[in-house]
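Residue numbers begin at 1 in each chain, while the letters A, B, ... track the order of the sequences. Side-chain atoms are counted along with the backbone in the values below, which use heavy atoms only and exclude waters and symmetry mates.
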Amino acid sequence: MISATRHGESHAWSRSLIPTTREAPNDAETPSHVLLHRAGYIRQVGAGIYDYLPLATRVLRKISGIVREEMDAAGASEMLMPALEPFELFEGTRRHEDYGDNLFRVKDRKGRLNALAPTHEEVITHLLIGCLSSYKALPLALYQVQTKFRDEARPRAGLLRCREFLMKDAYSFHTHVEGPGGLNETYDAMHRAYTNIFRRCGLDFSAVEAESGPIGGSASHEFMVNCPSGEDTILRCPVSGYAANVEKCEIGARESSFEGGPPAGELTVVPTPGLPAIDDVARFMGVKPSEMLKVVVFQNKSFAARIRQEKLDPRRPESLPPGVMFVLAVVRGDHDANEGKIKSAAGFAVEMADAALMEALGFATGFISPASVRNDPGGRFLMLVDHDAARPGAWVTGADSRDHHVKGFSWKTHVGEALADASRVRVAEIRNAAEGDPSPRSPGARLVAGRGIEVGHIFKLGTKYSDAMGLTVLDPGQKRVPVIMGCYGIGISRTMAACVEMSHDADGIIWPAAVAPYHVLIVVMKPDDPRQKEAAGTIACSLVGRGVDVLIDDRDERPGVKFKDADLVGIPVRVTIGDKALDAGGVEFKRRKDTQTKGEVVPLAEAVDRCLAAIGE
RNA sequence: CGGGGUGUAGCGCAGUUUGGUAGCGCGUCUCGUUCGGGACGAGAAGGUCGCAGGUUCAAAUCCUGUCACCCCGACCA
């Protein structure tokens, strides 16, 4: 039998667990952390591990409910996978190596290694290998809402970066990319679903380009809540609407040339003892960081691995296999080198150079200048120069000797003929974008920076997992083809925290109705008074009948305490029942977001409609 | 992983310099007076001072080690 009406829920405050506190623990600093603790939603169990109390559980349920509706509407089916997975699942993808220490490892009683899943690509791919064999079963989209584990190096900011957190992860499977049933179709559907979800959660967010994957185009988007306390920097072009994560953001065309400019002056060596940091040197020498050149040394990842594996001696270059060993990335002092961009410019994967190895090879770590490219024993160094660093003029940079910098460095004079050799020196985009950089999409426009909290990430995986693990189907021509995949994640518990970050005031949380633990809080001034009790019961009953969730504050507390707690907990509508209003034939109605105005007395008969109207806004 | 900080009652803190029987505020419980924006009075409960060693007649306090948590950075498909 299907119920014709959706009923709300009604709970008594006194029978729930809502431990509000006047003060937050010393550990909490971020607004969402402080307020979720003070309002009795969460308690810390360990670093990045939290209890979700009844109110928080209700919010998580509301957010998950929205997510489920939109995922189902987008054609995905819900399922549930285990949090624990045998380590052998990583054999194909080697992803335990990528994750490194971030992967929780668990030994069972037989001594076998298991992982607490950080995400489920391997598990679901393994599942489908066993039950997917024909192209006719595709496309397919599956999702789950489940606890995820990541052994973060540094959990922080309460629920925003946890080691255990609630996540919705979805995976889609296709035989092709374009057209009906293809990856792009589902990807776009997920993009729309995510937009609906975060809009329904009342969040101010941006979908930003996050990474150009192997399939090309816009292969990955992050959904960022626009919020100054966010961990991530995003850049947007106000003209074209282009927006991207700082690491991924492209930079528009810039001029660069080693030629021209004023003639190089004298090269002066300045002692800078104990000052390898750019800002310190700049201050010490009285120049701006933007007048300095910074050289960051990376090593060729596979080359370094080979040296380690074969135990070669890097100090004897003649004993090494041919190939580039180090990439010298030169950026302006106020810019940050970007590993991903260096990788694409160099054409191979890189990692931060091993300090001990560099020292052994004669690099003065922290005091390296672009001129050090001339110390190349032959084909071992590749210097990549960012456009903004590839300018004539007199730069301040390292002196290639410990505790010394130089003034008056000139590319032409001090690097010379190597500049013309593209196998040794190349100008490329190798740094993070920054506020004020030219837009990559709209000539003349400048990028502006903002902060964001990443609440969702959608990704075109291609055949990365199906190739690694062997997930194939037979196509109509009876040929075995690898399955094309996409994956789509939403941090549910993080979204809850992001809602609080975005919507609170000095007194507490202000929930949007869609995710609030309850829609209406009925504050009964004298819970023992039969008249008040009856009025509360009547209103609660009809609200519940209209699908509204109601919390009744029936505690025998002083009014001040109840009002303070009401503001703290942040339920969108407050109905206060007391003698004052009852004598006037009504109850007091107040929306949480109306912080300035006083409550309004409305007739008892109208109270329910006022609540419904306020919730529907 | 590097740098900094903190562990004393449920929460916030003092006490540690100079070793000598464990304190304050909030909260909790009881009684009374109160009752529309975190009341008042009287009384009560609650702490192996993170843990383990050591020094000492005596350790929250001094020494050594260790663990946990927080902040900044590195890291974060």
Side-chain angles (χ1 to χ4, degrees), chain A residues 19-30 33-34 37-38 40 43-49 90 93-103 117-122 148 150-158 160-163 165 167 169 171 210-211 213-214 219-220 222 231-232 245-248 277 279 296 336 339-340 351-352 355 454 457-462 464-465 468 485-489 491 494 507-508 523-529 532 553 555-568 574 576-583 587-588 590 595 598-599 601:
Chain A
T20 59
T21 62
R22 198 187 291 252
E23 283 174 291
N26 195 15
D27 289 347
E29 293 196 352
T30 318
H33 190 188
V34 170
H37 180 102
R38 287 194 52 211
R43 284 295 184 268
Q44 181 165 10
V45 177
I49 310 172
F90 293 113
T93 64
R94 312 301 297 166
R95 212 154 56 111
H96 58 288
E97 289 166 5
D98 295 339
Y99 261 102
D101 289 338
N102 270 12
L103 189 68
T119 174
H120 281 72
E121 281 81 1
E122 284 84 0
K148 292 288 188 288
R150 291 182 198 178
D151 196 357
E152 292 286 349
R154 201 185 137 211
R156 73 187 89 176
L160 287 176
R161 180 161 297 275
C162 278
R163 295 199 294 169
F165 54 96
M167 179 172 171
D169 50 322
Y171 307 88
E211 188 171 308
S220 173
E222 285 173 348
E231 286 188 280
D232 301 295
N245 191 308
V246 63
E247 283 87 25
K248 316 290 157 43
D279 288 345
V296 190
D336 292 317
E339 213 174 290
E351 62 192 8
M352 282 300 278
E454 182 190 347
H457 197 161
I458 58 177
F459 209 95
K460 295 182 185 175
L461 294 174
K464 178 176 172 184
Y465 292 89
M485 294 171 57
C487 73
Y488 319 90
R494 184 184 275 183
D507 293 319
V523 179
V524 188
M525 301 305 294
K526 290 182 190 155
D528 291 335
D529 179 307
Q532 295 191 12
D553 186 353
R555 295 173 302 164
D556 182 21
E557 285 288 353
R558 297 178 58 79
V561 174
K562 301 179 97 151
F563 291 137
K564 284 286 182 193
D565 277 350
D567 288 346
L568 201 49
R574 189 182 89 194
T576 308
I577 296 176
D579 286 335
K580 238 199 257 177
L582 280 181
D583 289 343
V587 294
E588 183 193 295
K590 187 177 183 299
T595 45
K598 296 215 48 145
V601 176

Original post:
When you compare B:rC57 with B:rG19, how far apart are their C1' atoms, in angstrom units rounded to a whole number?
Top reply: 12 Å
Subject >> Watson-Crick or G-U counterpart of B:rA58, or none if no pair lies under 3.5 Å >> reply: none
**OP:** Name the pairing partner of B:rC1, where a pair is Watson-Crick or G-U wobble with both distances under 3.5 Å, or state none.
**Re:** B:rG73
Original post:
Taking the side chain of A:Arg163 as its heavy atoms from C-beta onward, which of B:rA77, B:rC76, B:rC69 lies nearest to it?
Top reply: B:rC69
Subject >> Complement of B:rA68, any strand, by Watson-Crick or G-U distances under 3.5 angstrom >> reply: B:rU6
**OP:** Find the distance A:Arg38:CZ to B:rC11:P and express it as a whole number of Å.
**Re:** 15 Å
**OP:** Starting at atom NZ of A:Lys562, determine the distance to atom C1' of B:rU34, rounded to an integer number of angstrom.
**Re:** 15 Å
Original post:
Rounding to the closest angstrom, what is the interatomic distance between B:rC40 and B:rC13 at atom C1'?
Top reply: 24 Å
Subject >> Polar side-chain contact A:Arg22-B:rC11 base: donor and acceptor under 3.5 Å >> reply: no
Subject >> Distance, rounded to the nearest Å, where A:Asp553 contributes CG and B:rG38 contributes C1' >> reply: 13 Å
Subject >> Side-chain touch A:Phe563/A:Asp507, heavy atoms, less than 4.5 angstrom >> reply: no
**OP:** May I ask which nucleotide in the shown strands pairs with B:rG43, Watson-Crick or G-U wobble, both distances under 3.5 Å?
**Re:** B:rC29
Subject >> A:His37 NE2 to B:rC69 P, straight-line distance once rounded to whole Å >> reply: 16 Å
**OP:** Mind checking A:Arg494 for me? I need base, sugar-phosphate or nothing, with any heavy atom below 4.0 Å counting as a touch.
**Re:** nothing
**OP:** Would you mind telling me which residue lines up with the more 5' stretch of RNA chain B, A:Ala47 or A:Glu23, judged by nearest nucleotide?
**Re:** A:Glu23
Original post:
Thinking salt bridges, do A:Arg555 and A:Asp553 make one under a 4.0 Å N-O criterion?
Top reply: yes
Original post:
Is any side-chain heavy atom of A:Cys487 closer than 4.5 Å to a side-chain heavy atom of A:Asp169?
Top reply: no
**OP:** Starting from P on B:rA77, measure out to CG on A:Asp169 and report it in whole angstrom.
**Re:** 15 Å
Original post:
On RNA chain B, nearest-nucleotide positions of A:Leu582 versus A:Ala157: which is more 5'?
Top reply: A:Leu582
Original post:
Between A:Arg558 and B:rG38, does any side-chain N or O lie under 4.0 Å from OP1 or OP2?
Top reply: no
Original post:
In whole Å, what is the span from the CD atom of A:Glu231 to the P atom of B:rC72?
Top reply: 9 Å
**OP:** Would you classify A:Ala24 as touching base, sugar-phosphate or nothing, given that sugar-phosphate means primed atoms plus P, OP1 and OP2, and contacts are heavy atoms under 4.0 Å?
**Re:** sugar-phosphate
Original post:
Does A:Lys590 reach the side chain of A:Lys598, with side-chain heavy atoms less than 4.5 Å apart?
Top reply: no
Original post:
With rounding to whole Å, what would you report as the distance between B:rC72 and B:rU8 at their C1' atoms?
Top reply: 27 Å
Subject >> Length of the line joining A:Met485:CE and B:rA77:P, which is rounded to integer Å >> reply: 17 Å
Original post:
If only atom types and distance count, is the side chain of A:Arg494 paired as donor or acceptor with the main-chain N or O of A:Leu160 below 3.5 Å?
Top reply: yes
Original post:
Below 4.5 Å, heavy atoms only, C-beta onward: do A:Gln532 and A:Asp579 meet side chain to side chain?
Top reply: yes
Original post:
Nearest to the side chain of A:Glu557, which nucleotide is it out of B:rU28, B:rC76, B:rC71?
Top reply: B:rU28
Original post:
What interatomic distance, in whole Å, is found between P of B:rU21 and the corresponding atom of B:rC29?
Top reply: 33 Å
**OP:** Select base, sugar-phosphate, or nothing to describe what A:Arg43 touches, counting heavy atoms under 4.0 Å on all strands.
**Re:** nothing
**OP:** Among the candidates B:rA77, B:rU28, B:rC70, find the nucleotide nearest to the side-chain atoms of A:Glu29.
**Re:** B:rC70
Subject >> B:rG12 - base-pair partner by Watson-Crick or wobble geometry, distances under 3.5 Å >> reply: B:rC24
Subject >> B:rG27 and B:rC49, which share atom name P, separated by this distance in whole Å >> reply: 27 Å
Subject >> Whole-Å gap separating C1' (B:rG73) and CZ (A:Arg156) >> reply: 9 Å
Original post:
With distance as the sole test, does A:Arg163 use its side chain to make a donor-acceptor pair with the main-chain N or O of A:Ile49 at under 3.5 Å?
Top reply: no
**OP:** Write down the distance separating the P atoms in B:rG23 and B:rG15, rounded off to the nearest Å.
**Re:** 15 Å
Subject >> Who pairs with B:rU17 - Watson-Crick or G-U, where each distance is under 3.5 Å >> reply: none
Original post:
Mind checking the C1' distance from B:rU56 to B:rU64? Whole angstroms is fine.
Top reply: 16 Å
**OP:** Select one nucleotide: of B:rG38, B:rC71, B:rA77, the one nearest the side-chain heavy atoms of A:Leu568.
**Re:** B:rG38
Subject >> Separation of the C1' atoms in B:rC35 and B:rA39, to the nearest angstrom >> reply: 8 Å
**OP:** Just call it for A:Gln44: base, sugar-phosphate, or nothing, with non-hydrogen atoms closer than 4.0 Å on any strand.
**Re:** sugar-phosphate
Subject >> Side-chain ion pair, A:Arg156 and A:Glu231, N-O less than 4.0 Å >> reply: yes
